[in-house]
Amino acid sequence: MRTATLGPAERAAALAAMTERELDILVVGGGVVGAGIALDAVTRGLSTALVEARDWASGTSSRSSKLVHGGLRYLEMLDFALVREALKERGLLLERLAPHLVKPVPFLYPLQHKGWERLYAGSGVALYDAMSVSSGHGRGLPVHRHLSRRRALSVAPCLKKDALVGALQYYDAQMDDARFVATLIRTAASYGAEVANRARVTGFLREGERVVGARVQDVETGGAYDIRARQIVNATGVWTDDTQALIGERGQFHVRASKGIHLVVPKDRVHSTTGLILRTEKSVLFVIPWGRHWIIGTTDTDWDLDKAHPAASSADIDYLLEHVNSVLHTPLTRDDVEGVYAGLRPLLAGESDATSKLSREHTVAHPVPGLVVVAGGKYTTYRVMAKDAVDEAVHGLDKRVAACVTEVTPLLGAEGYRARWNARAGIAARAGLHVARIEHLLNRYGSLTEEILDLVAADPALGKPLPAAEDYLKAEIVYSASHEGARHLDDVLTRRTRISIETFDRGTRSARACAELMAPVLGWDAGQVDKEVEHYEKRVEAERESQRQPDDLTADAARLGAPDIVPI
């Protein structure tokens, strides 16, 4: 298998190749589900292409809680099938498919009532662990344990003494969601899928009742392409209804958007060796370890405004701070917040008015011949959603098609990851880098770390940290543009890295150095570098302004003050 390089030349070649013949499968949408569908289809031997209107994972799939979990709270809703399915997928990702990207993470659940609550919550967590082990892929995580109040405070000294009478500690898993999607995309491309971001579907091609292709606009150059495919899969998440409207047919189901916001604070603001999970009146609140930071989230509110740039309002931020401060010994303030991000969950519309009660199950439909739609679900079960969507599309192909193999197909970087992790000290010595740098690279790129180190060997200056964002090497910025499909500064600062939420300046101090590293790869002149930096600074200011607004309507208006970038 070749390792796919997604640079500018490869993107142009992919768009050209999509028009040369009728494809078996064209996937619309480059989030986790669309990427998973492309990998599933191409590894069944189907000719496959994927187009994404903006950047990989630029919607929901880069703005999650970054957890790979079974959904402990769904046990309380008696949704055992969903939990069992998600726990199996969690185990597969940890053990086989992406051990370099998906990592165990401990959570502490404070108990506030003596007796009955420990029995009730403990029974739920015990069932959670048992279902994980019974899936055949859950033996890699420690089982839960019961803690006294003294023991709980020793592992989480940040908690108020009167905020708990004891605690439970259990394990789930986490990943960098945008990096995971980029890896999925590259894996699909390595098996032969043609992929292109910033390629927007503007309409569908019809022959009578049947959908036979899509009209695609290259957002970068303005060029237009007619791409023909025997089956098209709509995997556009919260944009599902909008995409369906392009065929002029009423969809069989509708998708509602639920907004969730997250805060990022430095590690030293919350003194704990474990993550926290807290109950709120509406849902649950997580305090999640994230490198040298904590992620605090999330909210769960209906959203019917701009889908591309959901905005966090001042009220959202106050809600999270109020709830997390109810248990913290030293309260957090606005000044502690490094980053804020908002994402939209695609929920299947149901009878309940509360989005927190809508189903996280997914649905696959074939509304018209030639078009399959998949919607709903949750990040952890993306592979199952992809399998179901491709299974449905296969019914419309007049040929025998192999069964799904993604359960046994590791993502790029997984093969050889553990061996390289064991050899990390030697790799560091040979590369002239600190072993902590090699650990950072291995947990972002796995065995593909060698490609980063090749860039450093060719130009030792790339082995230096990026100014004002020293967690990342300059080589990673170049690699984002040359290998991972980054087309703009925003792609790198927001998704290929997490500088936009991990620094108090939101990445503005790194922006110019980052753009200048990208420029030779993408053919930018000084004018385009200036434009990229100016656009990014306006985006950050618009986000900051939105976070000062009192409600969704005013926050949305403020965020839209910074338009999407269009190349010169």
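What you are looking at is a predicted structure, and each value in this text was computed from that prediction instead of being measured. Any value given below was found using the heavy atoms of this structure, including those in side chains, with hydrogens, waters and symmetry copies removed.
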**Q** CG/Leu344 to NZ/Lys259 distance, rounded to the nearest 0.5 angstrom?
**A** 8.5 Å
**Q** Is any side-chain heavy atom of Asp176 closer than 4.5 Å to one of Arg498?
**A** yes
**Q** Using a strict 4.0 Å threshold on nitrogen-to-oxygen distance, state whether Lys531 and Asp525 make a salt bridge.
**A** no
**Q** Quick one, Tyr341 and Ile295 - any side-chain contact, counting heavy atoms below 4.5 Å?
**A** yes
**Q** Mind checking what makes salt bridge (Lys or Arg N to Asp or Glu O under 4.0 Å) contact with Arg292, not counting sequence neighbours?
**A** Asp471
**Q** Could you work out, with side-chain hydrogen bond (donor to acceptor under 3.5 Å, both in side chains) as the rule, every residue matching Arg539, not counting sequence neighbours?
**A** Asp490, Thr494, Glu543
**Q** Report the distance from atom CD of Glu10 to atom OG1 of Thr5, rounding to the nearest 0.5 Å.
**A** 5.5 Å
**Q** Quick one, Asp388 and His362 - any side-chain contact, counting heavy atoms below 4.5 Å?
**A** yes
**Q** Parallel, tilted or perpendicular: which describes the rings of His488 and Trp524, with under 30° parallel and over 60° perpendicular?
**A** parallel
**Q** Give the intermediate values and the outcome of side-chain hydrogen bond (donor to acceptor under 3.5 Å, both in side chains) for residues Asp564 and His309.
**A** CA-CA 10 Å; Asp564 285 340; His309 305 293; 2.7 Å; yes
**Q** Apply side-chain hydrogen bond (donor to acceptor under 3.5 Å, both in side chains) to the pair Arg383 and Thr406, showing each step before the final yes or no.
**A** CA-CA 7 Å; Arg383 196 192 63 80; Thr406 55; 3.1 Å; yes
**Q** Run Asp177 and Ser64 through side-chain hydrogen bond (donor to acceptor under 3.5 Å, both in side chains) and show every step you take.
**A** CA-CA 7 Å; Asp177 46 10; Ser64 73; 2.6 Å; yes
**Q** Are Arg230 and Asp398 within salt-bridge range, i.e. N to O under 4.0 Å?
**A** no
**Q** Just jot down the side-chain hydrogen bond (donor to acceptor under 3.5 Å, both in side chains) partners of Thr449, sequence neighbours excluded, or say none.
**A** none
**Q** Is any side-chain heavy atom of Arg559 less than 4.5 Å from a side-chain heavy atom of Asp306?
**A** no
**Q** What's the shortest heavy-atom distance between Trp303 and Pro310, and which atoms?
**A** CZ2-CA, 3.8 Å
**Q** Looking only at non-hydrogen atoms, find the nearest pair between Thr503 and Ala468 and report the distance.
**A** CG2-O, 3.8 Å
**Q** Can you pull out every side-chain hydrogen bond (donor to acceptor under 3.5 Å, both in side chains) where at least one residue sits in residues 421-437? Sequence neighbours excluded, please.
**A** Arg424-Glu439
**Q** What do the steps show when you test Ile427 against Arg420 for side-chain contact (heavy atoms from CB on, under 4.5 Å), and what is the final call?
**A** CA-CA 8 Å; Ile427 295 172; Arg420 285 173 174 82; 4.1 Å; yes
**Q** Can you name the salt bridge (Lys or Arg N to Asp or Glu O under 4.0 Å) partners of Asp242, sequence neighbours left out?
**A** Lys307
**Q** Could you walk me through whether Asp218 and Arg200 pass salt bridge (Lys or Arg N to Asp or Glu O under 4.0 Å), step by step?
**A** CA-CA 7 Å; Asp218 183 347; Arg200 184 185 305 278; over 6 Å; no
**Q** Decide, yes or no, whether a salt bridge links Arg198 with Glu220 under the criterion of side-chain N to carboxylate O below 4.0 Å.
**A** yes
**Q** Looking only at heavy atoms, what is the nearest atom pair of Val219 and Ala53, with distance?
**A** CG2-O, 4.0 Å
**Q** Going from CD on Glu85 to CZ on Arg90, what distance comes out if it is rounded to the nearest 0.5 angstrom?
**A** 14.0 Å
**Q** Excluding sequence neighbours, so at least two apart, what forms side-chain hydrogen bond (donor to acceptor under 3.5 Å, both in side chains) with Ser61?
**A** none
**Q** Tell me, please, which residues at least two apart from Asp491 pass salt bridge (Lys or Arg N to Asp or Glu O under 4.0 Å).
**A** Arg495
**Q** Is any side-chain heavy atom of Trp56 closer than 4.5 Å to one of Leu184?
**A** no
**Q** Might you work through the side-chain hydrogen bond (donor to acceptor under 3.5 Å, both in side chains) test for Arg496 and Ser480, ending with a clear yes or no?
**A** CA-CA 6 Å; Arg496 302 305 184 281; Ser480 296; 5.3 Å; no
**Q** Listed by chain and number, what are the ring pair (Phe, Tyr, Trp, His ring centres under 6.0 Å) partners of Tyr479, not counting sequence neighbours?
**A** Tyr445, His483
**Q** Do Val102 and Gln174 make a side-chain contact, defined as non-hydrogen atoms from C-beta onward lying under 4.5 Å apart?
**A** no
**Q** Working to the nearest 0.5 Å, report the span between CD1 of Ile477 and OG1 of Thr497.
**A** 5.5 Å
**Q** Output yes when Asp40 and Lys387 qualify as a salt bridge under the 4.0 Å nitrogen-oxygen rule, no when they do not.
**A** no
**Q** With no hydrogens and no angle check, do the side chains of Asn234 and Gln244 hold a donor and an acceptor under 3.5 Å apart?
**A** yes
**Q** List, one per line, each side-chain donor-acceptor pair under 3.5 Å for residues 407-415, sequence neighbours excluded.
**A**
{"residue": "Glu407", "atom": "OE1", "partner": "Lys88", "partner atom": "NZ", "Å": "3.4"}
{"residue": "Thr409", "atom": "OG1", "partner": "Val405", "partner atom": "O", "Å": "2.7"}

**Q** Distance from Ile452 atom CD1 to Leu473 atom CG, nearest 0.5 Å?
**A** 8.0 Å
**Q** Can you name the nearest heavy-atom pair linking Tyr536 to Thr508, along with the distance?
**A** CE2-N, 4.1 Å
**Q** Quick check: closest heavy atoms across Leu94 and Pro99, and the distance to 0.1 Å?
**A** O-CB, 3.4 Å
**Q** Decide, yes or no, whether a salt bridge links Glu476 with Arg179 under the criterion of side-chain N to carboxylate O below 4.0 Å.
**A** no
**Q** What pairs with His293 under ring pair (Phe, Tyr, Trp, His ring centres under 6.0 Å), at least two apart in sequence or on another chain?
**A** none
**Q** Just how far is it from atom CD1 of Ile499 to atom CD of Glu338, taken to the nearest 0.5 Å?
**A** 12.5 Å
**Q** The criterion is salt bridge (Lys or Arg N to Asp or Glu O under 4.0 Å); which residues satisfy it with Glu541, sequence neighbours excluded?
**A** Arg548
**Q** Could you verify whether a donor N or O on one side chain and an acceptor N or O on the other, from Thr380 and His69, lie under 3.5 Å apart?
**A** no
**Q** Run the ring pair (Phe, Tyr, Trp, His ring centres under 6.0 Å) test against His440 and tell me which residues pass, sequence neighbours left out.
**A** Tyr472
